Amino acid sequence: MESSYDSKKVRRRDLQKMGRIRSIPGRSESEQKTVHDFNAPAKRYRNLAFGACDYAGDSGRAHSSSPYEGIRGTLGARNGPCGHCHPKQGRKSDRRRGPESTTIGARRIFGTCKEFVAESQDTIRNQVRKMGSSCDWSRERYTFDDDLSKAVNEVFVRMYNDGLIYRGHRIVNWCTRCNSTLSDDEVEYVERQDPFYYIKYGPVTIGTARPETKFADKVIIVHPDDERYKELIGKEFDVPWINSEGSIKAKVVADADAANMEMGSGAMTITPAHSFVDFELAKKHGFEIKPIIDTNGKMLPIAGEFAGMDVKDCRKKLAEKMQQMGIMERIDENYVHNLSVCYRCNTPIEPLVSEQWFVDVNKRFKINDSKLKTGKSEASLKELTEHAVQSGSIEIIPDRFKKGYFNWTENLRDWCISRQIWWGHRIPVWYKNEEIYVGTEAPEGDGWIQDEDTLDTWFSSGLWTFSTLGWPEKTQELDYFHPTSVLETGYDILTFWVLRMVMMSTYSLNDIPFEKVYLHGLIRDKEGRKMSKSLGNGIDPIDMIEQFGADALRMSMLIGNTPGNDMRLYEEKIKGYRNFTNKLWNASRFVIGILENNPNEGVMEAKSDADHWILGKLNDVIQKTDDALENFRISEAGELLYDFMWNDFCDWYLELSKGDKQNPGVLKHVLTNIIVLLHPFTPFVTEQIWSEMNSAEGANDHSHLLIREPYPTPTNDHHNTESTQIIIDVIRKIRHLRSENKIEPAKKVDVALQSEKHTDLLERNAEDIRRLARVENLTIETKKISMENAASDWVSDVEIFVPLDGLVDPEKEKARVEKEVQNLQQYIAGLKAKLGNAQFVANAPETVVAGEKAKLADAEAKLEKLKSHTD
RNA sequence: GGGCGCUUAGCUCAGUUGGUUAGAGCGUCUGGUUUACACCCAGAAGGUCAUAGGUUCGACUCCUAUAGCGCCCACCA
């Protein structure tokens, strides 16, 4: 065994040995995938790991469940083309991108992307494995796998037949660069300063940042109660305007909901084809909806002289024209607003009307209510999605994210699911002249052309919990694993993914997809900044693993972090846990060495006070760890184990084991428990220690892995931990007295102990006290000792004297004691005041009052002793 | 505009339904080749828990307001 834990060496060895790639002997690669292993995962993993990786996804974007959101670049989409942002090729639709894109051969793009996906898969698999994730690799799935694609089509067809999917001309978020729609939650906002134009429009002045959309504006909306415009309502005007005719017939319409008297001039025109709000308004009033801008962001012929021009250029030129026409009142150059942009390429979004497929979230359909328990026979997707969380069937951790979830379900609009990108599941709809066919497979006969659009990635991702288990077949897995117990993911993906999974599962299976959602925060750099490529502040997990080991990286991500809160990650932190890993390694080496020297003494039997102490402590830590993990306080569990391993086991029990009461059986027992408990946190080093322990006993059997060991449960054995605690405290106090009085560590001192109750205990452990406190002559008395010129202290009823002839500074010692007396007196006064308060005694629970009384008694006894020592 | 979160030792963070003389790691200081470990050991210093009120016998913890930082959603005439 090496003296320092080399994570690199062990890792490579372990990956094969530990069966992290769970392979079944005698089966080919393809058969491996279909092997069903119904061995329930060990308890600890049920709660710690569940996640799905979409690789490059059907979206060209990785939404792995890793908290490494900030460095998505390294998780999947590294250096590759963004699938989304490439136009489909070989398509004749006029929605396609212009001729420039045809210069890129379709085959070439497709080839590149296949490679890209393969590379991403490799990268992610590699990273997940290197992180030590304990997945059932036999069940790995990719959203483009055949059976998953089948599920996608199946859901589409079912929804279509239930009338939940429809095709319609609607206003959508459009990216002119990607040449595709975006769903509402794929739109991002950036703050920008742009000119804001005030334009004369007949009798009113309108304000806009986008004059180029207004060629066909012919309705003025005012508030019905607005005194300024009351007279105008219902009237029509010929307004000098920017269109090619030079004027337009405008009508004044009152709408109490749409118009705001306080805002600007209180009057506005509307652009139905390029504004969500205006589109709804136009539908409400039956106004004409006339497109101004095409899908490439170019002006349509309606713009006259500006036709074919880019939106941006048009705006500039148009402003000049308006000046010339004399209808430009003024320009505010300091207008700051939120510009909506494409999350993929940051191109400004152009809302426009186009024919798309939508999921109707409000239409009711028949449901099987046996699991959903809505109390209804039919419900809408929106209602089901909301109900699953509202009813408590799904628990979100931490709880506060429910609010965001409901905010989102409440404002849910029909979901535009068609995308004009080529990388995705094709919409399972075929056309032949006027005929339309919707089915899971292409219809019989010639002349059918499949819809060229693809589905929003979240449509297929939303099926993840059951499409991966063979649905729509009634498979054993589906029965066994669904709903999943815990989904673990980042909070930023709650609405994208989590909500869609709830929606899809409640629809398709009439059941929830999972019982609990554990949300982690995002990882930030040391300064709290989001990790990003442009800042170059990302941390490559593989780099950190190379340097400090995967275990250290895992620990640094688990400890000191609470659900839903962002976490800073930086080298020093990881380094700290590397030290922990190494400490564990060295302690194990020491124990294994003892076991090798005492091959026949491995029976677990507590003999010494220290044995009882450590076993009691172990029992306690098992119980607390279990409780913490059950309640998703993962950080706390990690801290408990860290503390127990280092401070109790290493600093005390191992040190005591170097004395005359070494007990190999207990050492082995405690170490074994420690590594089982720590295995979920630091799988590699613990598995390696386990293997070394077993090979020390000549039983190196690869099938006998630590990961298979049951997680410890507390025993009912009673262990006295008090006794050794006294010994430990005595040693500490002696050390403290030495240090206070500047006694060199190498120098041995004489110590006298006096106690009525604990002389036996002290005698039993005299050797340890002598060794660990560096004592020359240790005397233990029952009768009172009075000693001149000695530093003194006490523990329980044990009085400690360290004679310091000529060494102790009487003044200093006096000052120290006086300070402590003062401190104690203050404390006692506080306690007395509290206990003297009738209200406190009356209202506080008995246990609290008793506790305070005990504290007081204790403090008073201490004060007594302190005084007796100064006499 | 609506919502949410954070503010605790020099730094990074814990603190479970209100009852500890408020904790950890790192860093700092003092000392150390004690035969597993200097990626270590021993000892120590360091906080009026952002501010101001309130509830309570009792507040880091609950309520209200204020300030600073951050996030999400909405809007954009």
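All figures in this text were calculated on a predicted structure; none of them were measured in a lab. Chain letters run A, B, ... following the sequence lines, proteins first and then strands; every chain starts at 1.
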*Asks:* Categorize A/A838 for me: base, sugar-phosphate, or nothing, with a 4.0 angstrom heavy-atom threshold over every strand shown.
*Replies:*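 Since no nucleic acid heavy atom lies under 4.0 Å of A/A838, the category is nothing.
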*Asks:* Hey, could you give me the NZ/NZ distance between A/K742 and A/K747, rounded to the nearest 0.5 Å?
*Replies:*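 If I round to the nearest 0.5 Å, the distance is 16.0 Å.
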*Asks:* Pick base, sugar-phosphate or nothing for A/E639, based on heavy-atom distances below 4.0 Å to the nucleic acid.
*Replies:* sugar-phosphate
*Asks:* Could you measure between the two C1' atoms, the one in B/G3 and the one in B/A74, and give it in whole Å?
*Replies:* 10 Å
*Asks:* Using a heavy-atom cut-off of 4.0 Å across all strands, would you classify A/K855 as base, sugar-phosphate, or nothing?
*Replies:*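 A/K855: backbone/sugar contact only, no base atoms under 4.0 Å.
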*Asks:* Would you classify A/R400 as touching base, sugar-phosphate or nothing, given that sugar-phosphate means primed atoms plus P, OP1 and OP2, and contacts are heavy atoms under 4.0 Å?
*Replies:*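 The residue A/R400 makes sugar-phosphate contact but no base contact.
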*Asks:* Testing the basics here: between A/V187 and A/S340, what is the closest heavy-atom pair and its distance to 0.1 Å?
*Replies:* CG1-CB, 3.5 Å
*Asks:* Which is true for A/R735 with a 4.0 Å heavy-atom rule: it touches a base, it touches only sugar-phosphate, or it touches nothing?
*Replies:* sugar-phosphate
*Asks:* Between A/K573 and A/R568, is there a donor-acceptor pair closer than 3.5 Å when you use the side chain of the first and the backbone of the second?
*Replies:* yes
*Asks:* Look at all strands and tell whether A/E744 reaches a base, only sugar-phosphate, or nothing, counting heavy atoms closer than 4.0 Å.
*Replies:*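 No contact at all - A/E744 keeps every heavy atom at 4.0 Å or more from the nucleic acid.
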*Asks:* Looking across every strand, which nucleic acid part, if any, lies under 4.0 Å from A/G560 by heavy atom: base, sugar-phosphate, or nothing?
*Replies:* sugar-phosphate
*Asks:* Which residues pass the ring-ring contact (aromatic ring centres under 6.0 Å, His included) test with A/F401, sequence neighbours left out?
*Replies:*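 Here the qualifying residues are A/Y491.
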*Asks:* Taking any heavy-atom pair under 4.0 Å as a contact, classify A/F196: base, sugar-phosphate, or nothing.
*Replies:* sugar-phosphate
*Asks:* Students often get this wrong, so: under 4.0 angstrom with heavy atoms, is A/S340 touching a base, only sugar-phosphate, or nothing?
*Replies:* nothing
*Asks:* Going 5' to 3' on RNA chain B, which nucleotide is the first and which the last to come under 4.0 Å of a heavy atom in chain A?
*Replies:* B/G3 to B/A77
*Asks:* At under 4.0 Å between heavy atoms, what does A/N407 touch on the DNA or RNA strands: base, sugar-phosphate, or nothing?
*Replies:*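 Sugar-phosphate contact only.
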*Asks:* Under 4.0 angstrom, heavy atoms only, what part of the nucleic acid is A/A833 near: base, sugar-phosphate, or nothing?
*Replies:* nothing
*Asks:* If you take all heavy atoms of A/M322 and A/P211, which pair is closest and at what distance?
*Replies:* CE-CB, 3.9 Å
*Asks:* How is A/D651 classified with respect to the nucleic acid when contacts are heavy atoms under 4.0 Å: base, sugar-phosphate, or nothing?
*Replies:* sugar-phosphate
*Asks:* Closer to the 5' end of RNA chain B via nearest nucleotide, is it A/M268 or A/N647?
*Replies:*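 Going by which nucleotide is closer to the 5' end, it is A/N647.
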*Asks:* Let me check I have this right: for RNA chain B, each base becomes ., (, ), [, ] or |, based on Watson-Crick or G-U pairs with both distances under 3.5 Å. What is the full string?
*Replies:* (((((((..((((.....[...)))).(((((.......))))).....(((((..]....))))))))))))....
*Asks:* Between A/N565 and A/N561, is there a side-chain donor-acceptor contact under 3.5 Å, judged purely by atom types and distance?
*Replies:* no
*Asks:* Give me the distance, rounded to whole Å, that separates B/C49 from B/U20 when you measure between the C1' atoms they each carry.
*Replies:*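 To the nearest whole Å, 14 Å.
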*Asks:* Checking side-chain polar atoms at under 3.5 Å, does A/Q688 have a donor or acceptor matched by the opposite partner on A/E692?
*Replies:*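 Yes, a side-chain donor-acceptor pair sits under 3.5 Å.
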*Asks:* Answer yes or no: is there a side-chain heavy-atom contact under 4.5 Å between A/V591 and A/S588?
*Replies:* no
*Asks:* So how far is it from A/W241 CH2 to A/T269 OG1, rounded to the nearest 0.5 Å?
*Replies:*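 That separation rounds to 6.0 Å.
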